[in-house]
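Report on the following structure.
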Amino acid sequence: MERMNWDEKYQKGEVFWDKGQPAPPLKEYLERHPLRGRALVPGCGRGHEVALAVTHGLDANGLDIAPTGIAEARARYPHLAERFVIGDLFDPPEAMRGAFDVVIEHTCMSALPPSLRTEYRRGIELTLKPGGLLIGVWYINPDLDPGQEGPPYPFSVSDLTALFTNGYVILEDYVPEVAFAGREGRERLRVLRRVG
Ligand SMILES: C[S@@+](CC[C@H](N)C(=O)[O-])C[C@H]1O[C@@H](n2cnc3c(N)ncnc32)[C@H](O)[C@@H]1O
């Protein structure tokens, strides 16, 4: 399957997913759970979740395959510019391999067609240390027009459970009460610990 040209989306300004601020459920989660260590935001786009993680004491990096997205993240958060890295989660830079205590998911997995989900899990495992946390605001049920397939691609809670069935334990799992407008009730906050 041909992979989507994400950079073109940024070049054309067709960045419908960007809300100009970090995801409210993640903000709420980090306010309640003080964490330390290195964190990765795969598919970080314009970088709002990286900025949030740094504000909450994490030593965070963002990784994105789209050079224009990374340039826009650096322009939006110039004090964090060096934290934003161009690269592919499926073949992460050497320096990111096995380097992170926390991976933060926000609309990276839902951007990928179902055929790439095992690659996504592999990408998480190439970067997240055993024992580390995968904290996700999983966009389970996006609001699609009739006939629209994605991205964002819907997936069920059981799809999510099946994808991370071996080697992970669920630490928290709930439908967040806070959300961007239009995403209320469509997301799942699930935190997994990598045990394998
Ligand atoms: C829907 S956007 C979400 C961006 C950001 N998380 C946000 O919420 O604003 C998906 C992002 O994933 C990036 N992406 C897609 N495939 C990727 C891959 N294999 N490795 C790294 N980034 C990827 C895209 O370039 C895009 O910025």
Side-chain angles (χ1 to χ4, degrees), residues 1-27 29-30 39-54 58 60-77 80 83-97 99-100 102-128 134-144 148-155 163 176 178-183 186-189:
M1 183 187 207
E2 197 175 316
R3 281 176 66 182
M4 176 142 166
N5 186 342
W6 287 98
D7 202 61
E8 192 177 70
K9 292 281 177 199
Y10 285 97
Q11 288 170 25
K12 291 182 174 173
E14 294 172 358
V15 192
F16 58 85
W17 56 82
D18 186 85
K19 306 295 183 197
Q21 55 182 296
L26 190 59
K27 185 167 182 286
Y29 182 84
L30 292 178
L40 177 67
V41 182
C44 66
R46 289 177 172 161
H48 311 305
E49 282 71 33
V50 174
L52 176 76
V54 170
L58 285 158
N61 287 103
L63 177 71
D64 202 290
I65 203 165
T68 307
I70 289 294
E72 292 179 0
R74 289 175 180 154
R76 172 78 172 76
Y77 300 104
L80 306 176
R83 294 181 178 274
F84 298 110
V85 177
I86 300 166
D88 188 347
L89 176 67
F90 304 161
D91 183 18
E94 226 22 76
M96 289 192 168
R97 291 182 179 237
F100 295 96
V102 176
V103 170
I104 294 173
E105 156 65 34
H106 180 245
T107 62
C108 182
M109 167 129 152
S110 63
L112 302 171
S115 60
L116 290 180
R117 287 180 191 157
T118 51
E119 288 284 310
Y120 172 87
R121 173 175 164 154
R122 195 171 157 271
I124 300 296
E125 278 165 12
L126 288 170
T127 50
L128 181 64
L134 173 56
I135 302 171
V137 179
W138 307 92
Y139 195 16
I140 297 280
N141 178 23
D143 186 15
L144 298 177
Q148 192 191 345
E149 283 185 356
Y153 294 92
F155 52 95
L163 185 62
V178 292
F180 287 132
R183 293 194 189 167
R186 298 178 176 277
E187 298 169 314
R188 190 100 178 178
L189 196 141

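Counting convention: from 1, in listed order, for ligands and their atoms alike. Keep in mind the model is a prediction, meaning the values are calculated, not measured.
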Requested in this report: For ligand 1, would you mind listing the residues that have at least one heavy atom less than 4.0 Å away, ordered by chain and number?
Outcome: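 Heavy-atom contacts below 4.0 Å: Arg3, Trp6, Tyr10, Trp17, Gly43, Cys44, Gly45, Asp64, Ile65, Ala66, Gly87, Asp88, Leu89, Phe90, His106, Thr107, Ala111, Leu112.
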Any salt bridge between [X] and [Y], counting N to O under 4.0 Å?
X: Arg121; Y: Glu125; value: yes
X: Asp91; Y: Arg97; value: yes
X: Asp88; Y: Arg3; value: yes

**Report entry** Under the salt bridge (Lys or Arg N to Asp or Glu O under 4.0 Å) test, residues paired with Arg188 that sit two or more places apart
**Finding:**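 For Arg188 the salt bridge (Lys or Arg N to Asp or Glu O under 4.0 Å) partners, ignoring immediate neighbours, are Asp173.
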Query raised in the report: Does NZ belonging to Lys27 count more than 12 external heavy atoms closer than 6.0 Å?
Result: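 Check fails, neighbour count at 12 or below.
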Query raised in the report: Without hydrogens or angle criteria, can the side chains of Tyr139 and His106 be said to hold a donor-acceptor pair below 3.5 Å?
Result: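 No.
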